[in-house]
2 protein chains.
Amino acid sequence: MKKAHAKTNRPAARDPVRTREALLNAAFAEIHRSGFRSADVDAILRVAGVTKGALYHHFENKEALGYAVVDVVVADIMRQKWQVPLRDAENPINALIAVLKGTSLEKHDIECGCPLNNIAQEMSPLDEGFRRRTAKLFREWQGAIAKTLREGRAHGDVDQGVDPDQSSTFLIAAYEGYISLAKNSQNGADLKAGLDAMVRYLDTLRVQPTDRLQASRPPRS
Amino acid sequence: MKKAHAKTNRPAARDPVRTREALLNAAFAEIHRSGFRSADVDAILRVAGVTKGALYHHFENKEALGYAVVDVVVADIMRQKWQVPLRDAENPINALIAVLKGTSLEKHDIECGCPLNNIAQEMSPLDEGFRRRTAKLFREWQGAIAKTLREGRAHGDVDQGVDPDQSSTFLIAAYEGYISLAKNSQNGADLKAGLDAMVRYLDTLRVQPTDRLQASRPPRS
DNA sequence: AGCAACATACATACTAGTTGGTATGCTGTC
DNA sequence: GACAGCATACCAACTAGTATGTATGTTGCT
């Protein structure tokens with residue numbers, strides 16, 4: 001009996017779940033391009049194919065919509081990219097390298113940057129609700145990498161000298177930094193070079209011969 | 001007849017240089033806090049102690065004011081913090097470490113983040129004028145560090161295995177990354193830990209005994 | 001005197017949010 | 001099992017506030 005509405009991206013009449021998702025997806029795209037404050041609500045409605053009434057039925061205001069975008073859409077993107085591949089990986093270093101190599105070098109993605117970092121940078125000083133939400137996602141991200149490294153260390157794939165928390169934070173900082181630089185230069189080669197540097201760093205975290213000093217691994221306690 | 005308005009921060013009557021500087025400084029502060037697009041022109045005027053007429057006498061529009069802020073104020077901040085100390089440094093590694101240690105851990109500075117990166121992140125995808133200007137400053141910054149490292153290598157203070165360009169870009173990416181994370185967490189200890197990690201990395205760039213393999217130095221060609 | 005350097009008041013445009021109303025589908029009742 | 005009753009889902013037009021930018025007037029140097 002479910003209405004099989006066909007081709008448009010406009011949600012079928014009376015399909016609140018679809019409507020809500022259409023709004024979230026459209027809002028995410030608009031926010032990703034323009035930032036939250038400059039995100040045009042009317043543009044979101046046009047893409048979602050609904051009107052103001054629908055929006056303000058599902059969300060109290062623009063801020064609540066933005067919160068939901070972070071809680072649902074951005075959170076899902078990050079978890080799909082990082083947590084899921086790391087969760088059931090045989091070798092953590094290989095898995096991390098694979099994730100890095102999976103980073104898009106598409107023009108559009110480079111120009112828009114990291115959605116999580118974008119919102120965090122824009123809203124952290126201005127809105128505690130956004131700040132807490134993005135900080136939570138950063139913590140989850142950092143914790144997932146640290147956990148993987150810790151397990152890899154126990155399993156003999158990661159060197160004992162590695163501090164999982166420091167290395168994890170370092171990886172995230174470098175990753176976001178390179179993405180930021182590439183967003184500015186609009187040059188995919190810059191991001192590629194940065195990711196390559198990170199891959200080389202990750203290789204240094206593998207188990208090393210114990211007789212060799214390892215002074216040159218940056219993040220250690 | 002000269003109105004001897006003494007105590008306010010309002011520029012002296014008929015002092016165009018002062019007026020222009022007051023506008024630039026007020027605009028920088030406002031943009032640093034709120035970003036360019038959400039920067040309130042009236043708030044800038046209030047802080048600068050002038051009116052719309054003065055603003056639009058000196059600048060064609062808000063965009064031109066923003067461009068000037070980047071070209072003058074932000075450029076000066078970056079050069080004072082990096083280029084100047086590096087220019088006449090005896091030891092480049094020591095100088096870079098000193099610059100890092102000079103990074104403010106004040107609450108206000110952590111919450112606002114790096115002015116250059118802020119504007120670059122916000123405006124790069126939206127305005128080519130801003131993008132070119134910020135990209136130029138990043139290039140200058142990157143070039144200055146690379147030059148220092150190159151000279152240090154020739155002088156015997158930096159290891160021959162170091163690629164000045166890659167290491168320089170890496171330093172900037174990590175620096176901006178850590179600042180971004182701290183801006184989000186609003187935790188000065190996070191930034192401190194990141195800077196410490198960078199200092200440890202910088203120490204690995206010093207001349208090393210040649211018989212030791214140095215696989216674990218991230219940015220190399 | 002005449003132009004640069006401002007101030008004041010106002011026009012114009014945009015945009016988040018509201019209001020009042022309509023259509024749809026579920027649910028309990030007979 | 002059908003229909004009254006009702007809550008949910010949505011629409012279109014409007015409002016109120018805010019933002020940039022402008023038109024015009026005034027003041028002070030040189």
Side-chain angles (χ1 to χ4, degrees), chain A residues 1-5 8-27 30-31 33-69 122-123 126-127 129-130, chain B residues 1-5 8-27 30-31 33-69 122-123 126-127 129-130:
Chain A
M1 231 12 172
K2 182 67 56 76
K3 192 171 303 178
H5 80 296
T8 86
N9 61 346
R10 161 189 246 99
R14 286 293 143 132
D15 192 336
V17 176
R18 272 190 102 83
T19 299
R20 196 188 146 90
E21 280 177 3
L23 281 167
L24 284 174
N25 290 331
E30 171 75 5
I31 291 171
R33 234 178 300 118
S34 304
F36 173 74
R37 282 170 303 172
S38 290
D40 186 344
V41 172
D42 288 325
I44 294 172
L45 298 175
R46 248 174 280 134
V47 173
V50 295
T51 60
K52 284 244 172 106
L55 168 60
Y56 286 97
H57 172 75
H58 285 281
F59 301 95
E60 192 184 340
N61 49 28
K62 188 188 179 186
E63 186 183 60
L65 174 64
Y67 286 176
V69 165
E122 179 190 0
M123 301 306 294
L126 306 173
D127 186 297
F130 274 109
Chain B
M1 233 10 172
K2 171 78 51 78
K3 192 171 299 180
H5 75 302
T8 86
N9 61 344
R10 162 190 247 100
R14 290 298 139 125
D15 192 336
V17 176
R18 271 187 101 86
T19 299
R20 195 187 147 91
E21 280 178 3
L23 281 167
L24 285 175
N25 289 331
E30 172 75 4
I31 292 172
R33 234 179 298 118
S34 305
F36 174 73
R37 281 171 303 172
S38 290
D40 186 344
V41 171
D42 286 325
I44 294 172
L45 297 176
R46 247 174 284 132
V47 172
V50 295
T51 60
K52 284 239 173 113
L55 169 59
Y56 286 96
H57 173 75
H58 285 281
F59 302 96
E60 193 184 341
N61 49 29
K62 187 187 179 185
E63 186 182 59
L65 175 64
Y67 286 175
V69 165
E122 180 190 2
M123 300 306 293
L126 305 173
D127 186 298
F130 274 109

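Just so it is clear: chains get the letters A, B, ... in the order the sequence lines come, proteins before strands, and each one is counted from 1. In this text the structure is predicted, and so the values were computed from the model without any measurement. For the numbers below, each heavy atom of this structure counts, side chains included, while hydrogens, waters and symmetry mates do not.
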*asked:* How many whole angstroms separate atom NE2 of B:His57 from atom C1' of C:dC6?
replied: 7 Å

*Find the distance between CD1 (B:Ile44) and NZ (B:Lys62) and round it off to the nearest 0.5 Å.*
7.0 Å

*asked:* Would the distance check show the side chain of A:Arg37 and the main-chain N or O of B:Ser34 forming a donor-acceptor pair, the cut-off being under 3.5 Å?
replied: yes

*Could you state the CG-C1' distance from B:Leu45 to C:dC6, rounded to the nearest angstrom?*
12 Å

*Minimum heavy-atom distance between A:Ala22 and A:Ala48, given as atom pair plus value*: O-CB, 3.7 Å

*Applying salt bridge (charged side-chain N to carboxylate O under 4.0 Å, His left out), name anything that partners B:Asp40, two or more places apart in sequence or on another chain.*
none

*Return the value, rounded to whole Å, for the distance between atom NE2 of A:His58 and atom C1' of D:dC11.*
13 Å

*Write down the distance between CD (A:Glu21) and P (D:dA9), rounded to a whole number of angstrom.*
14 Å

*Dot-bracket line, read 5' to 3' along DNA chain C, where crossing pairs take [ ] and | marks a partner on another strand, Watson-Crick or G-U under 3.5 Å*: ||||||||||||||||||||||||||||||

Sub-3.5 Å pairs of nitrogen or oxygen atoms, protein against nucleotides 1-3 of chain C:
none

*asked:* Could you measure the distance from the CZ atom of B:Arg20 to the CG atom of B:Leu55? Nearest 0.5 Å is fine.
replied: 11.0 Å

_Rounded at 0.5 Å granularity, tell me how far CG in A:Leu126 sits from CZ in B:Arg33._
10.0 Å

_For B:Tyr67, give me all partners under ring-ring contact (aromatic ring centres under 6.0 Å, His included), at least two apart in sequence or on another chain._
B:Phe130

*Please state how far atom CZ in A:Arg18 lies from atom C1' in D:dC10, giving the value in whole angstrom units.*
16 Å

*asked:* Taking 4.0 Å as the cut-off, does a side-chain nitrogen or oxygen of B:Thr19 come that near to OP1 or OP2 on C:dA5?
replied: no

*At their closest point, which heavy atom of A:Ala39 faces which heavy atom of A:Ile31, and how far apart are they?*
CB-CG1, 3.9 Å

*Looking only at heavy atoms, which two atoms of A:Ala68 and A:Leu24 are closest? And how far apart?*
CB-CD2, 3.7 Å

*For each nucleotide in nucleotides 13-21 of chain D, reading 5' to 3', give B when a protein heavy atom comes within less than 4.0 Å of its base, S when such contact involves only the sugar-phosphate, and - otherwise.*
------SBB

*For A:Leu55 and C:dT18, what is the distance between atoms CG and P respectively, to the nearest whole Å?*
11 Å

_Taking the minimum atom-to-atom distance to the side chain of B:Ala54, which one of C:dA4, D:dC11, C:dA7 wins?_
C:dA7

_My understanding is that only residues two or more places apart in sequence, or in another chain, count here; which of them pass ring-ring contact (aromatic ring centres under 6.0 Å, His included) with A:Phe59?_
none

*A:Arg46 has an atom CZ; how far is it from atom C1' of C:dC14, in whole Å?*
12 Å

*B:His58 side, atom NE2; B:Leu23 side, atom CG - distance, nearest 0.5 Å*: 6.5 Å

